[in-house]
Amino acid sequence: MHKPIKYVEKALTVAAGAAWKVFNSFNSVRPNPSFTPKWSDKPLLKSWEKQKPTLGWPRTTDSLCPKCVPEIRNKIVNGELPVEILRNQKAGEIKAQIIQRDGKILMVKDCEVHGHFEDVMAIDTAFFDHLEKVFPGRDIRAHNDKGLHNHGSSTVTHGRGSVLTIDLTNRCNMMCDPCFMDANQVGFVHELSWEDIQTMLDNAITIKPRRQMSVQFSGGEPTLSPHFLDAVRYSRKVGYNSVQAATNGIEFAKSPEFCKQAAEAGLRYAYLQFDGVGNAANSHRAVGNLFDVKLRAIENLHSNGVDIVPVITIINGVNNEQVGKVVQFALDNPKKISFLSFQPVSFTGRDEEVTVERRTAQRYTLSHLAHDVKNQVGMGEPIRDWFPISFMSTFSDCADLLHGPESDWGQLSCGCHPNCGIGMAVMIDKETKEFRPVTAFLNAEQLSKDIASVNDAARGKFLTIVGVGLALLRNYNPMESPSTFKLSDLLKKFDKAFGATDTDYGKVDGTRTIEDIEKRRQDRWNFLFIAGMWFQDLFNYDFRRTEQCIIPYATQEGEISFCAYNTGVGWRNIVEKMHMTASLTKWYEEKGKHEIFAGGKKVNLTTTTHSLKLNLDDVNADIQHDLDNQGIAKTAREEKIRQRNADMLRKSADDAKMAKLYREVVLKEKPVESGFVPLGHIGGIAPAPAVKKEEVGALGD
């Protein structure tokens, strides 16, 4: 039984639908030209002006050979080839086709030298099609960027990006699989100086469109850098919207004081490695009490005003059963968790030489994620509730329009390729924990079209707000929203996210205080965003994705697409070797060794207490055994051990064959007949006749 207010709101939505038709018919007549804001030298784009790469299937794109690229990269690292070939030639590039086969979307490609390769892009063709159809198009082409974007086919060409990633160090206090940077294994230290960090942060905000960016300090483990806190502080000073740390949480778990210092410096988000609920689910990382570490890190960070984003690397057969458990963990703790980032495994770094058998078994796609959330939690319809992350760029365009031409920064815009990332928004009552996917009560696809129509008209602030308000109302279904959710809550959430009005919800800029943080947290409704970000590897690489990357890496050789840096061409290996700080031997002599937690070693925590709600069945569950039952290795380390053992067995077999051949060809021994063994030569004496096996013992006596 619905509350009376729901029927009143339903009547308002019907009225808004009628009013929208009138408003839109007049508003669409003779639209105003787009203005050129201070933060761009090019005008805002109308919806029809946005470029799109070739989508659908079958289609042809530019990709890489998984065998040629490592060979070329190694030659560059070893000085046998100049790095310029990556800028001036199409090194390792081949064509690839994206096709449909047996109800799946595949990438297939052939190298003249190394033969045929194929991999799965999606297990649901309708879902893949949906993501591409609602893609609104690329951002403004990047400009004022020639000094930073010069990486040949890997060059970022569209937009400014959303999150600038800076690896402060390649040192790490863990040694786990998977690891796309092969931390602690490359034989040298690459660690940015304070001058390097300042230069990268300063350079990034010169690129246009100059959007309000976030910066994520990563590694290795960024908290090991002596400049971590200063880097956070400087980022807020020069204008980055939010500062993030991609961390395993060990240092934050060990020290509440360190969390306080990071928060005071301006750290807003901790992107916390979080592979599942319980120590067993995290055991493949080889730290004895890793889940306890995560819980303490969350407790310490949140109490000091830092928001937490659990980041789950999903590997099919290893921890895909954890998808529902992690989502339920967030639903059970809405006051502390408002964002989840699932990242399907990318076979790179330690995993670049993965066998076909293991890659096929462990491959996990964005379509897997959408279906696993539905099947394991009973929440969300893949096509209704999941959209490409770039879908939000239409709403960012609206915010750009509202903030006007004099704004110093453009709105954060996630204009990545529709195959890169997806998201589902869930509205949760923090008090009752009742939840509902937002797109179950808000027609997102139609709302996006309506907002695009308002954007294209390019009216003043008042008419834009009127149009957006009517669009929200007419696409809202109060009968499907949570029981205590009101229309006013919807309007407030939209305003809080995009700043349509001047209402103070608590500042988020560099002047943010703990009071601002607490003010924003007082909102009864948690807008939980469940995201999936699928980074490429050499087996599914697509340059159409690379060129509109929204997570560029700032490096000493300019800004490079996330996938071109970590996977693909592998610029990381090249840049880090070019700008190596010191060999490991020299570093250890001068700086000493940092503590590494591996081989089941536990982190020494002062306490393991926490206030998070846990499902004990999930916490105490055993590890996933799918791959054990199939006889497939789980990690690169395990695969190498198996390969080494197999090689030893083969060598033993080959040695036995060679010994047999030597006896027959050189010593002229006759082959053993069934049931007999030869006694062989002794000092040139002719061999005795063959005897039966059962007689050998007696003769030996």
**Request:** For side chain to side chain contact (heavy atoms under 4.5 Å, CB included), just list the numbers for Tyr269 and Ser214, CA-CA rounded to whole Å, side-chain angles, deciding distance to a tenth of an Å, and then say yes or no.
**Result:** CA-CA 10 Å; Tyr269 292 106; Ser214 297; 5.9 Å; no
Beyond-backbone contact of [X] with [Y], side-chain heavy atoms, under 4.5 angstrom:
X      : Y      : value
Gln411 : Leu402 : no
Ile422 : Met533 : no
Pro418 : Lys133 : no
Trp39  : Gln212 : no
Gln244 : Val309 : no
Ser28  : Ser453 : yes
Leu201 : Ile166 : yes
Leu267 : Phe217 : no

Say you draw a straight line from [atom1] of [X] to [atom2] of [Y]; how long is it, rounded to the nearest 0.5 Å?
X      : Y      : atom1 : atom2 : value
Ser413 : Ile389 : OG    : CD1   : 11.5 Å
Ile312 : Phe342 : CD1   : CZ    : 4.0 Å
Leu164 : Ile205 : CG    : CD1   : 10.5 Å
Asn27  : Asp456 : CG    : CG    : 10.0 Å
Ile560 : Leu148 : CD1   : CG    : 10.5 Å
Phe128 : Trp57  : CZ    : CH2   : 7.0 Å

Return yes if some donor-acceptor pair links the side-chain N/O of [X] with the main-chain N/O of [Y] below 3.5 Å, else return no.
X      : Y      : result
Lys433 : Pro334 : no
Asp495 : Leu491 : no
Asn333 : Lys336 : no
Thr206 : Asn203 : yes
Arg520 : Gly506 : yes
Thr155 : Thr157 : no
His403 : Trp409 : no
Ser25  : Val22  : yes
Lys42  : Lys208 : no
Arg160 : Met213 : no

Do [X] and [Y] sit within salt-bridge range, that is, some charged N less than 4.0 Å from a carboxylate O?
X      : Y      : value
Lys374 : Asp385 : no
Asp516 : Lys519 : no
Asp489 : Lys486 : yes
Glu431 : Arg524 : no

**Request:** Evaluate the criterion side chain to side chain contact (heavy atoms under 4.5 Å, CB included) for residue pair Arg521 and His302; output intermediate values, then yes/no.
**Result:** CA-CA 11 Å; Arg521 286 178 176 178; His302 187 268; 3.5 Å; yes
Please work out whether the ring planes of [X] and [Y] are parallel, tilted or perpendicular, with thresholds of 30° and 60°.
X      : Y      : result
Phe252 : Phe228 : perpendicular
Phe441 : Phe485 : tilted
Phe529 : Phe527 : parallel

Side-chain polar contacts of residues 30-37 - donor-acceptor pairs under 3.5 angstrom, sequence neighbours left out - could you list them?
{"unit_1": "Asn32", "atom_1": "ND2", "unit_2": "Ala458", "atom_2": "O", "d": "3.1"}
{"unit_1": "Ser34", "atom_1": "OG", "unit_2": "Leu44", "atom_2": "O", "d": "3.1"}

So which heavy atom on [X] is nearest to which on [Y], and how close?
X      : Y      : result
Ile551 : Phe562 : O-CB, 3.2 Å
Val323 : Asp372 : CG1-CB, 4.0 Å
Val377 : Gly324 : CG2-CA, 3.5 Å
Leu401 : Val454 : CD2-O, 4.2 Å
Met200 : Tyr240 : O-OH, 4.5 Å
Ala265 : Leu229 : CB-O, 3.8 Å

**Request:** Please name the residue in the list Gln51, Gln548, Arg211 that meets the side chain to side chain donor-acceptor pair (under 3.5 Å) test with Asp139.
**Result:**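 Considering Gln51, Gln548, Arg211, a side chain to side chain donor-acceptor pair (under 3.5 Å) with Asp139 is found only for Arg211.
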Please output the side-chain donor-acceptor pairs of residues 390-399 that fall under 3.5 Å, not counting sequence neighbours, one pair per line with the distance.
{"unit_1": "Ser390", "atom_1": "OG", "unit_2": "Cys416", "atom_2": "O", "d": "3.2"}
{"unit_1": "Ser393", "atom_1": "OG", "unit_2": "Ser390", "atom_2": "O", "d": "2.8"}
{"unit_1": "Ser396", "atom_1": "OG", "unit_2": "Met392", "atom_2": "O", "d": "3.4"}
{"unit_1": "Ser396", "atom_1": "OG", "unit_2": "Leu412", "atom_2": "O", "d": "2.8"}
{"unit_1": "Asp397", "atom_1": "OD2", "unit_2": "Lys50", "atom_2": "NZ", "d": "2.5"}

How about [X]: does its [atom1] atom have over 12 heavy atoms from other parts shown lying under 6.0 Å from it?
X      : atom1 : result
Lys430 : NZ    : yes
Lys38  : NZ    : yes
Lys146 : NZ    : no

Check: residues 463-476 side-chain donor-acceptor pairs under 3.5 Å, at least two apart:
{"unit_1": "Thr464", "atom_1": "OG1", "unit_2": "Arg459", "atom_2": "O", "d": "3.3"}
{"unit_1": "Thr464", "atom_1": "OG1", "unit_2": "Gly460", "atom_2": "O", "d": "2.8"}
{"unit_1": "Arg474", "atom_1": "NE", "unit_2": "Asp450", "atom_2": "OD2", "d": "2.8"}
{"unit_1": "Arg474", "atom_1": "NH2", "unit_2": "Asp450", "atom_2": "OD1", "d": "3.2"}
{"unit_1": "Arg474", "atom_1": "NH2", "unit_2": "Asp450", "atom_2": "OD2", "d": "3.2"}
{"unit_1": "Asn475", "atom_1": "ND2", "unit_2": "Asp450", "atom_2": "OD2", "d": "2.9"}
{"unit_1": "Asn475", "atom_1": "ND2", "unit_2": "Ala471", "atom_2": "O", "d": "2.8"}
{"unit_1": "Tyr476", "atom_1": "OH", "unit_2": "Ser481", "atom_2": "OG", "d": "3.1"}

**Item:** From CA spacing to verdict: side-chain hydrogen bond (donor to acceptor under 3.5 Å, both in side chains), Thr513, Glu515
**Value:** CA-CA 5 Å; Thr513 65; Glu515 288 75 24; 3.1 Å; yes
**Item:** Criterion side chain to side chain contact (heavy atoms under 4.5 Å, CB included) on Trp386 and Leu366, from CA distance to verdict
**Value:** CA-CA 10 Å; Trp386 292 87; Leu366 297 175; over 6 Å; no
**Item:** Candidates Arg59, Lys52, Arg544 - the one meeting salt bridge (Lys or Arg N to Asp or Glu O under 4.0 Å) with Glu132
**Value:** Arg59
**Request:** Test side chain to side chain contact (heavy atoms under 4.5 Å, CB included) on Thr199 and Asp202 and set out the steps.
**Result:** CA-CA 5 Å; Thr199 298; Asp202 291 343; 5.9 Å; no
